[in-house]
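Excluded from the calculations below are hydrogen atoms, water molecules and symmetry mates; all remaining heavy atoms, backbone and side chain alike, are included. Every value quoted in this text rests on a predicted model; they were computed, and no experiment measured them.
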Amino acid sequence: MQRGETPRVMWGLGLDESDERVIADAAGEGYTLRGLPGGRIPESADESEPFLMWVGSGAWRDLPDVERARLEAWEETQRILVLDSEERNLDMEMVMEEGFLTAVRTPLERDDVHDAMHRATEITALYADIFRMTREIFLERELLTRKTDQLLFLNQILSRAAESLDAGTILERAREDMNLLFEVSAVQACFWRVADSESVEAEILLSPLARGSSREEWVEYMLESAGRLATVPVKDFHVELLPGYDEDGAPLPPPRKESTVLLPLRSGYECFGCLALTSPDGIKLAKDQTQTVRAAVNHLALALKNAQLYDQVKHRADYDGLTRIHNRASFDERLVEELKRHQRYNQNLSLLLLDLDHFKRINDDHGHQAGDAVLREIGRLLTNSLRCCDFTARYGGEEFVIILPQTSEADAWVLADRLRQTISRRSFDFEGKSVRVTSSIGVASISPGSLSRVRDLVREADEALYRAKSNGRNTVCLSSGCNETALQQ
């Protein structure tokens, strides 16, 4: 035995002292033998089970069933049956069935002891190898199972993300899928696009569970993250609330380091946004889980980038590139929808057709860029002056059209005249020059129960606009022929 090594423990149960001496002498210094009287074993195996037990046949027969069951439960302990010299009929099959490695007869000889101990050592080593191999197999199976689960998770999050071109839907599905890995209470996002070489415009998609001061903190957190990842400050931003949340759920707490992880969204070498994952119990991920989340976010980045591109294309198709309000095609579609709604619910519907007076003079006197600047400002003015349910579009050239749902002719005239006055009082600045312009507006309305068609409503508004032009411009006319004085009365 090497210095510092602990002797291997053997037990002798119900053995004569002479047998114990032979076993101890034959085993040598690397082993120690603890003799136990027959019929009793210790309550515990001290610090560990014995390496080997020498059990007298008489002691084994007298051992209670409970004590036998305890010994048989020690799977790593080898047992050798020591037969009395008078016992001649040895049934080795019975010996094996009762869990003994082998049997030896008294009086014991050194060679018998050496042979039994050698066999016990080999079996113990074999058991250790089998145990190690079994453990390795279980570990490999566990790793394989986890990798399979991760692949299934990635496949699900990728396939579900690819099913939609709406960023809000993609993020809601991502929140549902992320819960397969760990509990996620919110998946929020911020996207940005370059406004100029020194700033970006941001779109923030927040959970409706972020309320009050918490929402303000989330907006600040997203803006700060966008500025850091985009490497330039955010110039403008707007906030949208995500769908799919139970708005009666627990409020989302402000962003905290222990419960929030921020992940950039990249397309190629471009960073165009970031995701914020929030867990109510704090985020503690194993290394493989972290890798899986990053892989999932890479897949989501591709889907979200496609959603952005689709939105941009759709925006170009539906909006006027100069004024950034809806175009003629969008107006045609919307007017059909509003007319159907009017007929279904018997509500008022009005239409304004607005034309800038003598607009050609602006282009002739100040250039087309000045004219474009005026059109952009008019588009912004109309958008900021109307209700969210109203619909504004560029009808063509310097003409604009406004759909006013649930608005009577009298109310439409009041709004039209207010717009006319606002435009006439407005000074449009361009490269140090002040440009002023007036407008003429035609108003057409249909009352509940009317069966008017789209082209009838547009034609009436156009005729009213023609009369406004004929009456000296910078005025509002109604298709019904009423004048301003009559309406004011």
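- Counting only heavy atoms from C-beta outward, the side chains of Ile441 and Trp413 never approach each other to under 4.5 Å.
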Derivation of the side-chain contact (heavy atoms from CB on, under 4.5 Å) call for Phe430 and Val374 | CA-CA 8 Å; Phe430 177 74; Val374 171; over 6 Å; no
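- Side-chain atoms of Ser440 and Asp355 form no donor-acceptor pair, as typed in the model, at a separation below 3.5 Å.
- Checked for salt-bridge contact, Glu201 and Arg193 meet the test: a charged N lies under 4.0 Å from a carboxylate O.
- Every pair passing side chain to side chain donor-acceptor pair (under 3.5 Å) that includes a residue from residues 176-190 is listed here, sequence neighbours excluded: Gln156-Asp177, Arg160-Glu176, Arg160-Asp177.
- In this structure, the separation between OG on Ser159 and CZ on Arg173 is 9.5 Å, given to the nearest 0.5 Å.
- When all heavy atoms of Pro255 and Thr260 are compared, the closest pair comes out as CA-OG1, 3.9 Å.
- Every pair passing salt bridge (charged side-chain N to carboxylate O under 4.0 Å, His left out) that includes a residue from residues 371-389 is listed here, sequence neighbours excluded: Glu377-Arg380, Glu377-Arg426, Arg387-Asp390.
- Taken to the nearest 0.5 Å, the OH atom of Tyr395 stands 13.5 Å off from the CG atom of Leu354.
- Here the CE-OG1 distance, from Met178 to Thr278, works out to 12.0 Å after rounding to the nearest 0.5 Å.
- Between Thr77 and Pro50, the closest heavy-atom pair is OG1-O, 2.8 Å.
- In this structure, Ile170 and Ser164 approach most closely via the heavy-atom pair CD1-O, 3.6 Å.
- Looking only at side-chain heavy atoms (C-beta outward), Leu356 and Ser439 come within less than 4.5 Å of each other.
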Quick one: do Phe359 and Ile362 satisfy side-chain contact (heavy atoms from CB on, under 4.5 Å)? Show the steps, please.
-> CA-CA 5 Å; Phe359 186 76; Ile362 298 176; 3.9 Å; yes
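- Under 4.0 Å is where a charged nitrogen must lie from a carboxylate oxygen, and between Lys340 and Glu337 no such pair does.
- Considering SG of Cys190 and CZ of Phe237, their distance stands at 9.5 Å, rounded to 0.5 Å.
- Listed by first then second residue, pairs satisfying side chain to side chain donor-acceptor pair (under 3.5 Å) with a partner in residues 129-139 read Asp129-Arg132, not counting sequence neighbours.
- At a threshold of 4.5 Å between non-hydrogen side-chain atoms, the residues Leu241 and Ser207 do not count as touching.
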What do the steps show when you test Trp218 against Ile204 for side-chain contact (heavy atoms from CB on, under 4.5 Å), and what is the final call?
-> CA-CA 9 Å; Trp218 274 109; Ile204 301 174; over 6 Å; no
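- A side-chain hydrogen bond (donor to acceptor under 3.5 Å, both in side chains) with Asp364 is found for exactly one of His366, Arg361, Lys360, His368, namely Lys360.
- With values rounded to the nearest 0.5 angstrom, Ser408 atom OG is found 11.5 Å from Leu349 atom CG.
- Counting heavy atoms from C-beta outward, Asp311 and Phe191 have side chains that stay 4.5 Å or more apart.
- Inter-residue side-chain proximity for Glu409 and Ser479 is flagged as met; some heavy-atom pair is nearer than 4.5 Å.
- Nearest approach of Leu419 to Ser385, heavy atoms of both residues: CD2-CB, 3.7 Å.
- For Thr383 and Thr392, the side-chain atoms include no donor-acceptor pair closer than 3.5 Å.
- Side-chain atoms of Arg394 come within 3.5 Å of backbone N or O of Gly397 as a donor-acceptor pair.
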Passes side-chain contact (heavy atoms from CB on, under 4.5 Å), Glu399 versus Val401? Steps please.
-> CA-CA 7 Å; Glu399 288 186 327; Val401 65; over 6 Å; no
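- Using a 4.5 Å heavy-atom threshold, the side chains of Gln308 and Phe272 count as touching.
- Considering all non-hydrogen atoms of both residues, Phe153 and Ala296 come closest at CE2-CB, 3.8 Å.
- In this structure, Ser214 contributes its side chain and Leu252 its backbone to a donor-acceptor pair below 3.5 Å.
- A donor-acceptor pair is defined here as one N or O able to donate and one able to accept, closer than 3.5 Å; such a pair exists between the side chain of Ser225 and the backbone of Tyr221.
- Formation of a donor-acceptor pair under 3.5 Å by the Ser350 side chain with backbone atoms of Thr407 is found in this model.
- When atom types are taken as modelled, the side chain of Arg436 and the backbone of Arg425 share a donor-acceptor pair closer than 3.5 angstrom.
- Side-chain atoms of His342 come within 3.5 Å of backbone atoms of Gln347 as a donor-acceptor pair (strictly under, hydrogens ignored).
- Salt-bridge formation is not detected for the pair Arg68/Glu72: no Lys NZ or Arg NE/NH1/NH2 atom is positioned less than 4.0 Å from an Asp or Glu carboxylate oxygen.
- Applying the 6.0 Å contact sphere to CZ of Arg459 captures more than 12 heavy atoms from other residues, nucleotides or ligands.
- Atom CZ of Phe182 is surrounded by more than 12 heavy atoms from other residues, nucleotides or ligands within 6.0 Å.
- Residues Leu351 and Phe331 are in side-chain contact: their nearest non-hydrogen atoms beyond the backbone lie under 4.5 Å apart.
- Taken from CD in Glu463 to CG in Leu353, the straight-line distance is 11.5 Å, to the nearest 0.5 Å.
- Looking at Lys469 and Asp357, a side-chain N of the basic residue comes within less than 4.0 Å of a carboxylate O on the acidic one, giving a salt bridge.
- Side-chain contact between Tyr245 and Arg175: present, with at least one pair of heavy atoms (C-beta onward) separated by less than 4.5 Å.
- Of all heavy-atom pairs spanning Leu229 and Cys271, the tightest one is CB-SG, 4.1 Å.
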